Amino acid sequence: MPTLELTRPRPEIAVITLNRPEKLNALSPELVEELHRTLDAIAEDVDCRVVVLTGAGRGFCAGLDLTDTSVPPVSQGLENPRAGMRWQERIAGLTVKVHRLRQPVIAAVNGAAYGGGFALAMAVDIRVAAETAQFCTQFIKLGIGGCDIGVSYTLPRIIGAGPAFDLILTARTVDAPEALRLGMVSRISRDPLADALQIAETLCGYGKFGLESTKQVLWANLDAGCLETALQVENRSQILAGTSGEMRAFAAAFASRKRS
């Protein structure tokens, strides 16, 4: 059985399903490599406009599969610490690829999102949680540092430094209602995948360049040093979007609706 499934409800929407339900979709070397290949392919896909990431069964992703003793391809033939560093960088690279995709990424968090699964969920742009979803950084409980796979960067930007320090240092579990209160997720759903797909349909109704540039500007301006710097990025994006022809088409459609 493949460790990952890629489906296309329509050409513009890609659904990535982590497919190790018997392990709560824990990250094995095979799954990590398959996810890298899939993200690389989506990055080159000019038809795909929105990505939905979810897990099969009752979990989103339980983090690294500690029961899998196979040697990751990137570590083969290397001694420690080089072997460990190559594997660490390979896993952490997943969050970079999710973050860098031009397409907005929506996580349908259908259950536990622990460790590396938590990191993947925090790297996306929009999170929809099932009523049974749970979130936990996990890392510090395993005898390693609590800052791993990008959470020390993404989580403070999502929920603020104070709550992020609490969750990363204590590694306590957060349920869906608290995640919503903290701003970690934007909504709770009885069917997170269906709601994520509905959001994806909405996004596909917007201009192609406008959608891509909006994601890029939002992330870029989280690190902007001042308002003027943020406005410079916004201004350029808006002028570029106005040259695509999509703005005129949307304006004409709006005028036509007003006349009818």
Side-chain angles (χ1 to χ4, degrees), residues 14 39-40 42-46 48-53 88-89 91-107 109 113 116-129 135 137 139 145-169 174 178-187 196 199-200 202-248 250-251:
L39 293 171
D40 288 341
I42 288 174
E44 299 297 324
D45 188 335
V46 296
C48 180
R49 301 191 58 207
V50 184
V51 179
V52 175
L53 176 64
Q88 175 71 26
E89 290 172 345
I91 302 171
L94 289 173
T95 59
V96 175
K97 284 188 177 178
V98 169
H99 182 76
R100 283 183 177 175
L101 282 178
R102 287 183 172 87
Q103 300 94 335
V105 183
I106 307 165
V109 184
F118 180 87
L120 284 175
M122 295 305 107
V124 309
D125 306 298
I126 300 173
R127 282 159 293 279
V128 180
F135 301 86
T137 57
F139 306 114
C147 302
D148 198 11
I149 317 183
V151 296
S152 62
Y153 179 90
T154 57
L155 192 60
R157 284 163 173 76
I158 295 167
I159 65 173
F165 275 46
D166 173 14
L167 299 189
I168 292 172
L169 282 167
V174 173
E178 184 178 6
L180 181 63
R181 180 178 61 79
L182 289 170
M184 190 184 299
V185 302
S186 58
R187 62 188 77 180
I199 296 170
T202 298
L203 299 187
C204 286
Y206 301 143
K208 295 178 180 179
F209 180 82
L211 184 61
E212 288 186 9
S213 65
T214 298
K215 171 176 176 171
Q216 291 171 343
V217 171
L218 282 168
W219 280 107
N221 281 348
L222 280 177
D223 292 325
C226 63
L227 173 61
E228 287 80 5
T229 299
L231 288 172
Q232 292 280 356
V233 179
E234 283 188 358
N235 292 343
R236 281 158 175 75
S237 176
Q238 295 297 70
I239 294 303
L240 285 170
T243 67
S244 69
E246 292 180 326
M247 182 178 175
R248 290 189 295 274
F250 276 89

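All of these numbers come straight from a predicted model, not from anything done at the bench. Computation of the quantities below employed the complete heavy-atom set of this structure, encompassing side-chain atoms and omitting hydrogens, waters and symmetry-equivalent molecules.
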message: For a side-chain contact (heavy atoms from CB on, under 4.5 Å) check, start with the C-alpha distance between T243 and F209, then their side-chain angles and the critical distance, and finish with the verdict.
response: CA-CA 10 Å; T243 67; F209 180 82; over 6 Å; no

message: Between L211 and V50, does the side-chain contact (heavy atoms from CB on, under 4.5 Å) criterion hold? Intermediate values first, please.
response: CA-CA 9 Å; L211 184 61; V50 184; 4.2 Å; yes

- prompt: So R49 and L203, side-chain contact (heavy atoms from CB on, under 4.5 Å) or not? Walk me through it.
  reply: CA-CA 8 Å; R49 301 191 58 207; L203 299 187; over 6 Å; no

message: Checking I42 against L101 for the side-chain contact (heavy atoms from CB on, under 4.5 Å) test, could you report, in this order, the C-alpha distance in whole Å, the side-chain angles of both residues, the deciding distance, and whether it holds?
response: CA-CA 8 Å; I42 288 174; L101 282 178; 4.3 Å; yes

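Within the 3.5 Å criterion, the main-chain N or O of A92 finds a donor-acceptor partner in the side chain of T95. T229 places no side-chain N or O within donor-acceptor distance of the main-chain N or O of G225, the cut-off being under 3.5 Å.
Other residues, nucleotides and ligands contribute more than 12 heavy atoms inside 6.0 Å of the NZ atom of K97. Other residues, nucleotides and ligands contribute over 12 non-hydrogen atoms within 6.0 Å of the CG atom of L227.
Across S186 and I126, no two heavy atoms sit closer than the pair OG-CG2, 3.6 Å. S244 and A241 get closest at one heavy-atom pair: OG-O, 2.9 Å. Minimum heavy-atom separation, V52 to A196: CG1-CB, 3.9 Å. Scanning all heavy atoms of the two residues, the minimum distance from V98 to A123 falls at CG1-O, 3.8 Å. Closest approach of A107 to V124, counting heavy atoms only: CB-CG2, 3.7 Å. Contact detail for A121 and V109: the closest heavy-atom pair is CB-CG2, 4.4 Å.
For the pair R127/M122, a side-chain contact is recorded, criterion being any heavy-atom separation below 4.5 Å from C-beta on. D223 is listed as a side-chain neighbour of R157, based on a closest heavy-atom distance under 4.5 Å. Proximity of V151 to F139: side-chain heavy atoms (C-beta onward) are separated by under 4.5 Å at one or more points.
Taken to the nearest 0.5 Å, the CD1 atom of I239 stands 10.0 Å off from the CZ atom of R236. Expressed to the nearest 0.5 Å, how far SG of C204 lies from CD1 of I199 amounts to 12.0 Å. The CZ atom of F118 sits 7.0 Å away from the OG1 atom of T154 when rounded to the nearest 0.5 Å. Here the SG atom belonging to C147 is positioned 7.5 Å from the CG atom belonging to L169, to the nearest 0.5 angstrom. Atom CG in L167 sits 7.0 Å away from atom CD in E178 (nearest 0.5 Å). Note: T137 OG1 to I149 CD1 = 11.0 Å, rounded to the nearest 0.5 Å.
For R102, the side-chain contact (heavy atoms from CB on, under 4.5 Å) test picks out E212, Q216, with sequence neighbours left out.
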